[in-house]
> 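A single structure is presented below for examination.
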Number of protein chains: 2
Amino acid sequence: MHPEVKELLRKSKMRLTAPRLAVLDVLEHEGKHRDAEFIAAAARRRLKLSRQAVYDNLNALVAAGIIRRIEPAGRPALYETRVGDNHHHLICRRCYATVDIDCAVGHAPCLQPSEDHGFVIDEAEVVYWGLCPTCQQNS
Amino acid sequence: MHPEVKELLRKSKMRLTAPRLAVLDVLEHEGKHRDAEFIAAAARRRLKLSRQAVYDNLNALVAAGIIRRIEPAGRPALYETRVGDNHHHLICRRCYATVDIDCAVGHAPCLQPSEDHGFVIDEAEVVYWGLCPTCQQNS
DNA sequence: ATGATATCTGTACAAAGTACAGATAAGAGT
DNA sequence: ACTCTTATCTGTACTTTGTACAGATATCAT
């Protein structure tokens, strides 16, 4: 576990409980984009914990800005530790492999639609859909 | 009901059943972005039909490219009749009002991420999140 | 060490959508 | 118009993903 993670938790006044650290450890060491089910299963290899604890922790960490949730259409939510840069995602339609994409149009990207309709916009969520190299071959 | 809609159905070799026409009629005349529950309720003011018929028809129409489904994070899916231009959406975080956004970067937009990782990309889904004018006032 | 309360457990519940079997009816062919 | 094929519809049961709630536990401040 990276020590700076514990710093982040303390800064957010969150307790350093074993289930919380386990959830973060899974995200740091067992894949960059994982759903709650995977995180629960992996965390249970370290300790015993309930489904509710997994969801509570994921929600608390998202609220604190320590992890980020993405919700691809028709799929369970995924969680990742890369936060703060509002990067985007590219997902395979067949196997759902997910990779990060830096924004193509500069630094604070995509927050400028052609017409804002009077809205105050704070986020642009972008998901690219396609076929990953492996699934292209097996088609 | 616009006559061209029936043409579209025939072109797709889909039967013109009353439930199917009712679903399309709701989307044409009772709001541009509606979820399955709303569509079912509105269609039931015209005729009696089951939940399954609503979902089956929506799925069939999406598959035929006659309507489009969008799935905002944490919300039920919305359906719209504007298809073929891959436009985007702007959604209010508080009241979930949803408006269409033309793509800011040209004609076949957003299909060029900074790095494609070998994927063959066929769609870029963009959702802008913010506060609509009404909700800005009531905050 | 002690206490306040954030967190965890476990069960029940909820929302959104799908599976399946049998009944019905739309459209093709006569 | 009549019949047939089969797409579509109905209704119930089920699935997935996630939340609500009450009570037990354990973390951190003091």
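Quick caveat, the model's predicted, so the values are computed rather than measured.
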> Are the side chain of R34(B) and the backbone N or O of L27(B) linked by a donor-acceptor pair below 3.5 Å?
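Checking the backbone N and O of L27(B) against the side chain of R34(B), no donor-acceptor pair under 3.5 Å is found.
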> Scan nucleotides 19-30 of chain C nucleotide by nucleotide, 5' to 3', and note B when protein non-hydrogen atoms come under 4.0 Å of the base, S if they reach only the sugar-phosphate, - if neither.
BB-----BS---
> Tell me, do V23(B) and I67(B) make a side-chain contact under 4.5 Å, heavy atoms counted?
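No; the side chains remain at least 4.5 Å from each other.
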> Whole angstrom is fine here: how far is it from CG in L47(B) over to P in dT8(D)?
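Taking atom P of dT8(D) as the reference, CG of L47(B) is at 16 Å.
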> Answer yes if W129(A) and L78(B) sit in the same cluster of Ile, Leu, Val, Met, Phe, Trp and Tyr residues linked by side chain heavy atoms under 4.5 Å apart, and no otherwise.
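They do not share one cluster, since no chain of ILVMFWY contacts under 4.5 Å joins W129(A) to L78(B).
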> Whole angstroms only, please: what is the CZ-C1' distance between F38(A) and dT16(D)?
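Rounded to whole Å, this separation is 19 Å.
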> With nearest nucleotide decided by heavy atoms, which residue, K48(A) or R75(B), maps closer to the 5′ end of DNA chain C?
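So the residue in question is K48(A).
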> Taking atom C1' of dA7(D) as reference, at what distance in whole Å does atom CG of N57(B) sit?
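One finds 11 Å between C1' of dA7(D) and CG of N57(B), rounded.
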> Return no unless some side-chain N or O of Y55(B) is found under 4.0 Å from OP1 or OP2 of dT18(C).
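No, no such contact exists.
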> When all nucleic acid strands are considered with a 4.0 Å heavy-atom cut-off, which category describes A60(A): base, sugar-phosphate, or nothing?
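If one applies the 4.0 Å heavy-atom cut-off, A60(A) turns out to touch nothing in the nucleic acid.
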> P76(A) or K13(B): which one's nearest nucleotide on DNA chain D is closer to the 5' end?
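Looking at DNA chain D, the more 5' nearest nucleotide goes with K13(B).
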> Tell me whether the side-chain N/O atoms of R20(A) come closer than 4.0 Å to OP1 or OP2 in dT7(C).
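Yes.
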> What is the distance, rounded to the nearest whole Å, between atom CZ of R10(A) and atom P of dT27(D)?
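One finds 13 Å between P of dT27(D) and CZ of R10(A), rounded.
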> Look at N59(A) and dG18(D) and indicate whether a side-chain polar atom (N or O) is within less than 4.0 Å of OP1 or OP2.
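So the side chain of N59(A) is outside the cut-off, no N or O lying under 4.0 Å from OP1 or OP2 of dG18(D).
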> Apply side-chain hydrogen bond (donor to acceptor under 3.5 Å, both in side chains) to H89(A) and E80(A), showing your working.
CA-CA 11 Å; H89(A) 297 93; E80(A) 65 183 349; 3.0 Å; yes
> In this structure, how many angstroms lie between the P atom of dA12(C) and the CZ atom of R51(A), rounded?
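These atoms are roughly 13 Å apart.
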> Identify whether the distance between the nearest side-chain nitrogen and carboxylate oxygen of R93(B) and E125(A) falls below 4.0 Å.
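Judged by the 4.0 Å cut-off on N to carboxylate O distance, R93(B) and E125(A) do not form a salt bridge.
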> dA7(D) P sits how many Å from L61(B) CG, rounded?
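From L61(B) CG to dA7(D) P: 16 Å.
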> When the distance from CG of L24(B) to C1' of dT8(D) is rounded to whole Å, what number comes out?
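So the two atoms are 15 Å apart, to the nearest Å.
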> Can you tell if the side chain of M14(B) reaches within under 4.5 Å of the side chain of K6(B), non-hydrogen atoms only?
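No, too far: nothing below the 4.5 Å cut-off.
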> Cation over ring, R75(B) on Y96(B), under 6.0 Å and within 45°?
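Here R75(B) passes the 6.0 Å and 45° test against Y96(B).
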> Could you give the CD-to-C1' distance, from E71(A) to dT17(D), as a whole number of Å?
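That distance rounds to 10 Å.
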